[in-house]
2 protein chains.
Amino acid sequence: MAKLQKSIDKRNALVKATIELVNNNGFHATPMSKIAKMANVSPATIYLYFENKQDLVNQTYIEVKAEYTKYAFETYDESMSVEDGFELIWKRIADFKLKECENAMFLAQCDNTPMIDELSRQQGIKHLQPLLDLWTRGKKEGIIKPLSEYLLYAYAINPLSFLMITQKRGAFQLDKTHLEEAYQSAWSSIKVCK
Amino acid sequence: MAKLQKSIDKRNALVKATIELVNNNGFHATPMSKIAKMANVSPATIYLYFENKQDLVNQTYIEVKAEYTKYAFETYDESMSVEDGFELIWKRIADFKLKECENAMFLAQCDNTPMIDELSRQQGIKHLQPLLDLWTRGKKEGIIKPLSEYLLYAYAINPLSFLMITQKRGAFQLDKTHLEEAYQSAWSSIKVCK
DNA sequence: TGGTAAAAAATGAATGTTCATTCTTTTTTA
DNA sequence: TAAAAAAGAATGAACATTCATTTTTTACCA
């Protein structure tokens with residue numbers, strides 16, 4: 001297969017360079033020439049791996065999103081209680097956002113701008129299913145408030161993005177204590193009060 | 001004053017066009033020529049009102065942010081109870097994000113990308129003081145959890161941005177019921193449990 | 001195993017376009 | 001009628017993409 005012969009390393013370097021440059025300068029200020037330079041590749045080579053700039057950024061988005069959800073659900077299994085499952089997933093997500101900060105920043109930028117094609121965006125959402133299923137189960141068991149999945153996501157998961165960005169900008173430090181507090185806030189906002 | 005002679009209407013039209021085009025196409029795909037066309041103005045005219053493209057977008061950001069906070073605190077006064085004050089401000093913010101959706105989308109994009117100069121970003125944050133003060137008072141009175149202001153913002157206010165964007169993308173409808181639910185989640189996440 | 005030719009991959013330079021910004025002229029205002 | 005404001009066309013730089021070559025890899029045979 002022609003595709004597989006091309007060095008996967010080069011492709012990865014291109015994706016990585018795209019993330020770093022877009023994070024620092026925004027889509028509008030990251031020319032293909034800079035991406036190529038950072039990946040130690042000729043500009044022309046990019047077009048052996050990607051159709052054009054839009055395709056490069058779409059594919060980068062989809063790949064990073066897939067990594068993110070893979071990491072989030074890696075240690076989860078459906079036999080866990082709702083409460084334990086949620087805590088586990090939440091902490092994995094937090095972990096990803098802190099450890100893979102570059103990747104998470106890139107996703108935040110994509111999710112808040114028209115940078116990405118609608119189709120790629122929808123592709124990215126698909127992988128979230130296990131969390132939605134967990135919430136459905138939680139609602140049935142009377143543990144999770146009977147809210148739309150969007151509301152649950154908005155309060156339980158999305159705030160982590162804000163915190164990550166704030167931390168990245170140097171405004172404050174998201175340490176162990178803060179994280180535990182954040183988790184408690186997340187859980188308070190979606191659990192049924194007793 | 002030369003400045004004041006120039007038509008304020010033209011300036012406003014430019015700001016409005018910037019918001020609309022950046023919302024729909026992103027910074028990277030909104031040329032000055034399009035902004036000029038949408039504002040019914042010659043490209044050269046933009047440079048009578050703004051230094052350059054970056055300045056145009058910075059100033060637009062600062063102005064919209066100021067509108068936003070002005071609206072948020074318009075009916076609030078410091079003699080209110082913490083609980084009432086928070087509910088009032090929260091609902092004003094929600095109101096703004098739904099009614100002035102274009103403006104709010106623009107802010108979300110600016111806040112999640114390197115589109116805006118750091119200096120302008122900091123300028124925009126200043127106006128949030130009344131809310132921070134309210135939280136400080138709430139913590140003193142034992143009504144609000146003793147968390148950093150960033151955590152409080154992340155859970156109480158920021159989720160509205162996610163909901164607004166999701167609504168704008170057509171995924172779901174943020175009606176009165178949802179809003180009340182969202183408010184309850186917000187409040188649950190930051191209030192001290194009794 | 002080593003040599004070689006065909007195919008694939010990679011390159012640097014070229015191309016043509018788009019765009020921010022400026023320049024010169026015209027129109028409006030005072 | 002002079003000064004300010006606005007306009008449209010011009011300018012030059014930056015950029016995405018393609019082209020013509022060169023380099024590397026693959027596959028085959030001596």
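Lettering of chains follows the sequences in order, A, B, ..., and the numbering in each one begins at 1. Small disclaimer: the values here were computed from a predicted structure and weren't measured.
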Distance check needed: D/dA16 C1' versus B/His28 NE2, whole Å only.
12 Å
Once you round it to whole Å, what is the distance between P of C/dA20 and CG of B/Asp55?
15 Å
Between B/Lys91 and B/Glu180, does any NZ, NE, NH1 or NH2 come within less than 4.0 Å of an OD or OE carboxylate oxygen?
yes
Starting at atom CE of A/Met32, determine the distance to atom P of D/dA14, rounded to an integer number of angstrom.
18 Å
Here the distance between atom P of C/dG12 and atom NZ of A/Lys37, to the nearest Å, is 10 Å
With a 3.5 Å limit on both atom pairs, tell me what C/dA30 is paired to, counting Watson-Crick and G-U wobble, or say none.
D/dT1
Could you give the CG-to-P distance, from B/Asn52 to D/dA14, as a whole number of Å?
15 Å
Report yes if at least one side-chain N or O of B/Thr45 is closer than 4.0 Å to OP1 or OP2 of D/dA7; otherwise report no.
yes
Would you please confirm or rule out a distance under 4.0 Å between OP1 or OP2 of D/dC19 and any side-chain N or O of A/Tyr47?
no
note: A/Tyr49, atom OH; C/dA9, atom P; distance rounded to Å ~ 8 Å
Grab the CG-P distance between B/Asp9 and D/dA6 for me, whole Å please.
11 Å
Nearest to the B/Ala44 side chain among C/dA20, C/dA10, D/dG8, which nucleotide is it?
D/dG8
Under 30°, 30 to 60°, or over 60°: which ring-plane class applies to A/Tyr150 and B/Phe172, parallel, tilted or perpendicular?
parallel
Think B/Lys53 has a side-chain N or O under 4.0 angstrom from the OP1 or OP2 of C/dT21?
no
Measure CG/B/Leu48 against C1'/C/dT22 and give the value in whole Å, please.
12 Å
Relative to each other, are the rings of B/Phe73 and B/Tyr76 parallel, tilted or perpendicular (30° and 60° limits)?
tilted
Check whether more than 12 heavy atoms from other residues, nucleotides or ligands sit under 6.0 Å from atom NZ of A/Lys16, and answer yes or no.
no
